[in-house]
K.L.:
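Quick one: structure below, then a few questions.
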Amino acid sequence: MVSILDAKGESAPLSFLPKGYLNHDECYVPEGWFLFGGDPQALNPLPKRKLWISSFIIKKYPITNGEYLVFLNDLIENNRHEEALRYAPKDRAMDNSSIIYGQNEDGTFFLQPDGEGDMWKTDWPVIFVDWTSAMAYSQWYSEKSKRYWRLPFETEWEKAARGVDNRIFPWGDYFNPAWCSMRTSKKGRPFMSEIDEHPIDCSPYEVMGMAGNVREWTASGWSSEGPNVLKNQNREDMPTLYDGLRVTIKGGSWYDPDIYCRSASRLCAGISRLDELLGFRLVSPVSPDDIIL
């Protein structure tokens, strides 16, 4: 039996999930050690630390327009119109006149050209949603899937992107702009890509799009010193909601230079931020009862 040293330095068997446990859009990141930070060329770099992270499942792709439309339209169908309007993508905070999706007479939403005349695609990551909207989606998705989902903590996001060998990008250490969706990936005007358009932007756990396409909200409150760690284990909790809360953002976007694409790069933003470069994906912690040893 293959074993690893656990957080206490004791031998423990490597854990797996039962066959068929994961859906097609889910990836498993097993518990264990990984090297966090340690890239001096990253944005807001942190020193290299060896951290123990518990098992979790992460969505293979960021949440798409198609998935987000299902969320909003479910709210409409359940007479939660005010919530749907609050969480709809918009380019000005709390201004329903700036909602980017179109609306039918019954209130349901659909994709339409944006203010620049670009027709949004179903398989583009959803953008122009603030942190509270991403949190609302995670709560709704948890209820629908009957499994707890949330935004990833910074440490979880980085392990899912880098694996355990301290690589700089999800695919390794060498950068080629054609390998992910960033500023110089395409000729002409930089533009968003569909979620499966850059297959090389793939982590060791087969998580896609963590170097480019959209930056991503996390559940980590921002600190220039990095996340809360005790005895080499992540001790973060979901931050308390208050005006002025700032959280950590990870990953690069379709408009970013390559420094943003480095997996150890980190940014901060207030939770009310609406941004054409910013989306999100979800994680679900794995309990011991789910695991096969």
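Residues: numbered from 1 along the sequence shown.
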K.L.:
Are W217 and Y137 an aromatic pair by the rule of ring centers under 6.0 Å?
P.N.:
no
K.L.:
Charged N to carboxylate O under 4.0 angstrom, D256 versus R215?
P.N.:
yes
K.L.:
Can you confirm whether more than 12 heavy atoms, excluding those of Q41, are under 6.0 Å from its CD atom?
P.N.:
no
K.L.:
Taking C-beta and beyond as the side chain, do V229 and F36 meet within less than 4.5 Å on heavy atoms?
P.N.:
no
K.L.:
Would you mind reporting whether S284 and F56 have side-chain heavy atoms less than 4.5 Å apart?
P.N.:
no
K.L.:
Against the six-membered ring of W222, is R266 placed for a cation-pi contact (under 6.0 Å from the centre, within 45° of the normal)?
P.N.:
yes
K.L.:
Are the side chains of T218 and L151 in contact, using a 4.5 Å heavy-atom criterion?
P.N.:
no
K.L.:
Check for me whether K186 meets the cation-pi criterion with W254, that is, NZ or CZ under 6.0 Å from the six-membered ring centre and within 45 degrees of the ring axis.
P.N.:
no
K.L.:
Answer yes or no: are there more than 12 heavy-atom neighbours, outside Y255 itself, under 6.0 Å from its atom OH?
P.N.:
no
K.L.:
I'd like to know if R86 and D130 make a salt bridge, using a cut-off of under 4.0 Å between side-chain N and carboxylate O.
P.N.:
yes
K.L.:
Short question: side chain of S55, backbone of E31 - any donor-acceptor pair under 3.5 Å?
P.N.:
yes
K.L.:
Between the side chains of D74 and K144, is the shortest nitrogen-to-carboxylate-oxygen separation below 4.0 Å, so that they form an ion pair?
P.N.:
yes
K.L.:
Check this for me, if you would: do R273 and D275 make a salt bridge, where the nitrogen-to-carboxylate-oxygen distance has to be below 4.0 angstrom?
P.N.:
yes
K.L.:
Is there side-chain contact between W120 and Y101, with at least one heavy-atom pair below 4.5 Å?
P.N.:
yes
K.L.:
Can you check whether N65 reaches Y68 side chain to side chain, under 4.5 Å on heavy atoms?
P.N.:
no
K.L.:
For the backbone of I100 and the side chain of Q112, can you confirm whether one donor and one acceptor N or O come within less than 3.5 Å of each other?
P.N.:
yes
K.L.:
Answer yes when E158 and K250 have at least one side-chain N-carboxylate O distance shorter than 4.0 Å, and no when they do not.
P.N.:
yes
K.L.:
Output yes when a side-chain donor or acceptor of E156 lies under 3.5 Å from a complementary backbone atom of F153, and no otherwise.
P.N.:
yes
K.L.:
Please name the pair of heavy atoms, one in D39 and one in A264, separated by the smallest distance, quoted to 0.1 Å.
P.N.:
CB-CB, 3.8 Å
K.L.:
Any sub-3.5 Å donor-acceptor pair from K60's side-chain atoms to E206's backbone N or O?
P.N.:
yes
K.L.:
If only atom types and distance count, is the side chain of R162 paired as donor or acceptor with the main-chain N or O of W171 below 3.5 Å?
P.N.:
no
K.L.:
Which pairs count as salt bridge (charged side-chain N to carboxylate O under 4.0 Å, His left out) when at least one residue sits in residues 97-117, sequence neighbours excluded?
P.N.:
E116-R189
K.L.:
Establish, from distance only, whether the side-chain atoms of T248 and S220 form a donor-acceptor pair under 3.5 Å.
P.N.:
no
K.L.:
To the nearest 0.5 Å, how far apart are CD1 in I99 and OH in Y87?
P.N.:
13.0 Å
